[in-house]
Student: 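One structure, as structure tokens, below. Some questions next.
On a predicted model such as this, the values are computed, not experimentally measured, just so you know.
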Amino acid sequence: MTNVLWLQGGACSGNTMSFLNAEEPTVCDLIADFGIKVLWHPSLGLELGDRLQTLLWDCILGKTPLDILVFEGSVVNAPNGTGEWNRFADRPMKDWLNDLSKAAKFVVAVGDCATWGGIPAMEPNPSESQGLQFLKRKEGGFLGKDYKSKAGLPVINIPGCPAHPDWITQILVAIATGRIADIALDSLNRPQTFFNTFTQTGCSRNVHFAYKATTAEFGQRKGCLFYDLGCRGPMTHSSCNRILWNRVSSKTRAGMPCLGCTEPEFPFFDLKPGTVFKTQTVMGVPKELPPGVKKKDYALLTMVAKDAAPAWAEEDFFTI
């Protein structure tokens with residue numbers, strides 16, 4: 001039996017909603033097939049008041065083994081480092097988190113807010129929000145860059161706004177079955193099995209990307225979203241087009257630009273009007289290019305690609 005305790009800080013519950021929609025495996029599979037016991041979850045737990053406090057203290061004191069601590073949402077430190085803006089079970093949430101992280105065998109941060117601070121940590125950050133072990137790309141966060149759980153691992157980061165449901169359940173299964181050591185973490189503590197490729201990998205619009213065939217409208221099934229609509233798929237580490245959402249689709253397949261929500265800098269351009277869904281350019285060249293692409297080479301490639309583009313590059317491949 002693997003005990004899981006799920007807590008929420010400064011959160012919108014989006015990752016909980018995602019988690020409850022997992023399919024490979026489902027939440028029911030976690031319990032029935034993989035021996036996971038959910039000690040408590042904000043949307044599923046039955047304990048309230050004194051009973052909840054007793055459960056939490058039993059985990060801290062070692063009376064109840066805490067195998068996995070899952071945290072969703074940012075760590076709220078306001079005002080003035082007290083954490084009083086986010087109280088839970090008669091204490092600041094940050095105090096519970098500090099004590100529970102010392103007792104946990106593994107700690108998993110789910111979603112952008114828990115990993116990097118997310119939207120709450122945008123300037124001027126009035127809630128003094130942090131991620132568990134990062135603040136944006138800066139190491140440290142609430143627990144500090146040298147933090148290790150009882151199993152000797154840093155916080156396992158599963159970013160996203162929200163995180164893909166199957167990323168969450170598959171990591172929980174890897175821990176519960178003793179196979180987490182087989183999963184390497186990148187420099188931002190993300191499981192490489194999900195984050196070593198770019199969102200563009202598997203995108204159904206790659207042929208349009210190659211021939212610089214663009215679209216300027218949402219919902220269109222043809223044309224690349226990178227050149228006009230600010231799609232960050234070529235620069236964002238995720239497996240959204242390899243492991244489809246609900247086995248069906250992804251943002252780009254639905255005609256929606258990737259927002260780069262698995263990267264610490266999200267939300268990009270600070271959500272300034274006219275920047276989020278518009279590719280930022282300098283003399284017609286995107287300010288940000290896919291890793292490894294030089295601006296001079298890009299300009300030359302663009303001319304060649306557009307000149308070589310076949311007529312079918314403009315066709316709707318999904319027409320039946």
Side-chain angles (χ1 to χ4, degrees), residues 1-76 86-101 103-115 118 120 131-132 149 155-177 180 191 194 243 245-247:
M1 186 68 70
T2 302
N3 290 337
V4 175
L5 175 66
W6 185 305
L7 296 181
Q8 248 182 32
C12 67
S13 299
N15 290 285
T16 282
M17 295 301 295
S18 181
F19 171 66
L20 295 177
N21 279 282
E23 293 188 299
E24 294 182 352
T26 67
V27 175
C28 291
D29 291 337
L30 292 181
I31 298 168
D33 298 336
F34 295 103
I36 286 179
K37 179 181 180 181
V38 180
L39 293 176
W40 196 81
H41 182 288
S43 299
L44 306 174
L46 299 178
E47 289 80 8
L48 297 171
D50 292 342
R51 291 176 61 196
L52 174 56
Q53 290 187 47
T54 298
L55 184 154
L56 296 174
W57 281 115
D58 283 349
C59 289
I60 292 170
L61 299 173
K63 296 179 181 179
T64 299
L66 179 53
D67 298 304
I68 307 174
L69 171 62
V70 177
F71 194 72
E72 171 185 8
S74 66
V75 184
V76 176
N86 182 202
R87 289 185 65 83
F88 172 75
D90 206 33
R91 298 176 78 195
M93 174 60 82
K94 60 176 287 188
D95 292 349
W96 286 115
L97 184 57
N98 182 62
D99 291 337
L100 289 163
S101 64
K105 191 173 181 182
F106 297 92
V107 177
V108 178
V110 172
D112 270 9
C113 296
T115 52
L132 287 187
S149 66
V155 175
I156 300 170
N157 285 330
I158 308 178
C161 194
H164 192 298
D166 296 339
W167 300 343
I168 304 170
T169 55
Q170 288 179 30
I171 288 301
L172 295 181
V173 166
I175 295 174
T177 57
I180 192 63
F194 303 127
I243 305 174
W245 288 69
N246 300 111
R247 306 178 187 175

Student: Restricting to non-hydrogen atoms, name the atom on V155 and the atom on A109 that form the minimum distance, rounded to 0.1 Å.
Tutor: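 Reported closest heavy-atom pair: CG1-CB, 3.6 Å.
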Student: Would you confirm whether T115, through its side chain, and G111, through its main-chain N or O, come within 3.5 Å as a donor-acceptor pair?
Tutor: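 At least one qualifying donor-acceptor pair exists.
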Student: As a test of understanding, state which of V38, V110, L7, I171 forms a side chain to side chain contact (heavy atoms under 4.5 Å, CB included) with V70.
Tutor: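 For V70, the side chain to side chain contact (heavy atoms under 4.5 Å, CB included) test succeeds with only one of V38, V110, L7, I171, which is V110.
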Student: Could you report the tightest heavy-atom contact between A163 and N15, atom names first, then the distance?
Tutor: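 Taking A163 first and N15 second, the nearest heavy atoms are N-OD1, 2.8 Å.
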Student: Considering non-hydrogen atoms only, spot the tightest contact between C161 and D112 and give its length.
Tutor: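 Closest approach of C161 to D112: CB-OD2, 4.1 Å.
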Student: What's the separation between atom CG in D95 and atom CG in D90, rounded to the nearest 0.5 Å?
Tutor: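 If I round to the nearest 0.5 Å, the distance is 11.0 Å.
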Student: Side-chain contact test, heavy atoms from C-beta onward, threshold under 4.5 Å: evaluate it for L30 versus T169 and give yes or no.
Tutor: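 A side-chain contact under 4.5 Å exists here.
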Student: Between I156 and V107, does the side-chain contact (heavy atoms from CB on, under 4.5 Å) criterion hold? Intermediate values first, please.
Tutor: CA-CA 6 Å; I156 300 170; V107 177; over 6 Å; no
Student: Taking the side chain from N3 and the backbone from L66, do they hold a donor-acceptor pair closer than 3.5 Å?
Tutor: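 No, the answer is negative, given that no donor and acceptor are paired below the 3.5 Å cut-off.
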Student: Output, in order, the C-alpha distance, side-chain angles, deciding distance and verdict of side-chain contact (heavy atoms from CB on, under 4.5 Å) for F106 and D67.
Tutor: CA-CA 6 Å; F106 297 92; D67 298 304; 5.7 Å; no
Student: Contact between L69 and V108 at the side-chain level, heavy atoms closer than 4.5 Å - yes or no?
Tutor: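 Side chain of L69 against side chain of V108, heavy atoms only: no contact under 4.5 Å found.
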Student: Under 3.5 Å, which donor-acceptor pairs link side chains of residues 50-59 to any protein atom two or more places apart or in another chain?
Tutor:
unit_1 : atom_1 : unit_2 : atom_2 : d
T54    : OG1    : D50    : O      : 2.9

Student: Measure the CH2-OG distance between W167 and S18 for me, rounded to the nearest 0.5 Å.
Tutor: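 Output value for this atom pair is 9.0 Å.
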Student: Starting at CD1 of I36, measure out to CD1 of I68 and round the result to the nearest 0.5 Å.
Tutor: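 These two atoms lie 5.5 Å from each other.
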Student: Judged by atom type as modelled, is there a donor-acceptor pair below 3.5 Å linking the side chain of H164 to the main-chain atoms of I243?
Tutor: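 Answer holds: yes.
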Student: For A114, does its backbone N or O pair with a side-chain atom of E72 as donor and acceptor, under 3.5 Å?
Tutor: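 No; judged by distance alone, with no hydrogens or angles, the pair does not exist.
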Student: Pair T26, N21 - check side-chain contact (heavy atoms from CB on, under 4.5 Å), show working.
Tutor: CA-CA 7 Å; T26 67; N21 279 282; over 6 Å; no
Student: I need the C113 SG to L132 CG distance, nearest 0.5 Å.
Tutor: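 One finds 11.0 Å between SG of C113 and CG of L132.
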Student: Going by the rule ring pair (Phe, Tyr, Trp, His ring centres under 6.0 Å), which residues pair with W40 if we only count those two or more places apart in sequence or in a different chain?
Tutor: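 W40: ring pair (Phe, Tyr, Trp, His ring centres under 6.0 Å) contacts with F88.
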Student: To the closest 0.5 Å, what do you measure between CZ (F194) and CG (N157)?
Tutor: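 Rounded to the nearest 0.5 Å, the CZ-CG separation comes to 13.5 Å.
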Student: Got a sec, which residues hit side-chain hydrogen bond (donor to acceptor under 3.5 Å, both in side chains) with S74, two or more places apart in sequence or on another chain?
Tutor: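 By the side-chain hydrogen bond (donor to acceptor under 3.5 Å, both in side chains) rule, S74 matches S129.
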Student: How close do T16 and S43 get, counting heavy atoms only, and between which atoms?
Tutor: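 Answer, listing the atom of T16 first, then S43: CG2-OG, 3.6 Å.
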Student: For a quick test of reading the model, state the closest non-hydrogen atom pair linking W245 to P162 and the distance between them.
Tutor: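 Closest heavy-atom pair between W245 and P162: CH2-O, 3.5 Å.
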Student: For side-chain contact (heavy atoms from CB on, under 4.5 Å), just list the numbers for I175 and V4, CA-CA rounded to whole Å, side-chain angles, deciding distance to a tenth of an Å, and then say yes or no.
Tutor: CA-CA 11 Å; I175 295 174; V4 175; over 6 Å; no
Student: In chain order, what residues pass the side-chain hydrogen bond (donor to acceptor under 3.5 Å, both in side chains) check against W96, with sequence neighbours excluded?
Tutor: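 Applying side-chain hydrogen bond (donor to acceptor under 3.5 Å, both in side chains) to W96 gives none.
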Student: Between W6 and F71, does the ring centroid distance fall short of 6.0 Å?
Tutor: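 Centroid distance W6-F71: not below 6.0 Å, so no.
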Student: Counting N and O atoms only, with roles assigned by atom type, does the side chain of S149 sit under 3.5 Å from a partner on the main chain of K105, one being a donor and the other an acceptor?
Tutor: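 The answer is yes, because a donor-acceptor pair under 3.5 Å joins these two groups.
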Student: For D99, which residues count as a salt bridge (Lys or Arg N to Asp or Glu O under 4.0 Å) partner, sequence neighbours excluded?
Tutor: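 Scan of D99 (salt bridge (Lys or Arg N to Asp or Glu O under 4.0 Å), adjacent residues dropped) gives R91.
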Student: Side chains of L44 and L20, heavy atoms from C-beta outward: is any pair under 4.5 Å?
Tutor: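 L44 reaches L20 side chain to side chain.
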Student: Please find the pair of heavy atoms, one from P25 and one from V173, that lie closest to each other, and give the distance.
Tutor: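 The answer is CG-CG2, 3.7 Å.
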Student: Not counting sequence neighbours, list each pair that qualifies as a salt bridge (charged side-chain N to carboxylate O under 4.0 Å, His left out) and has a residue in residues 18-42.
Tutor: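 Output for this query lists E23-R247, E24-R247.
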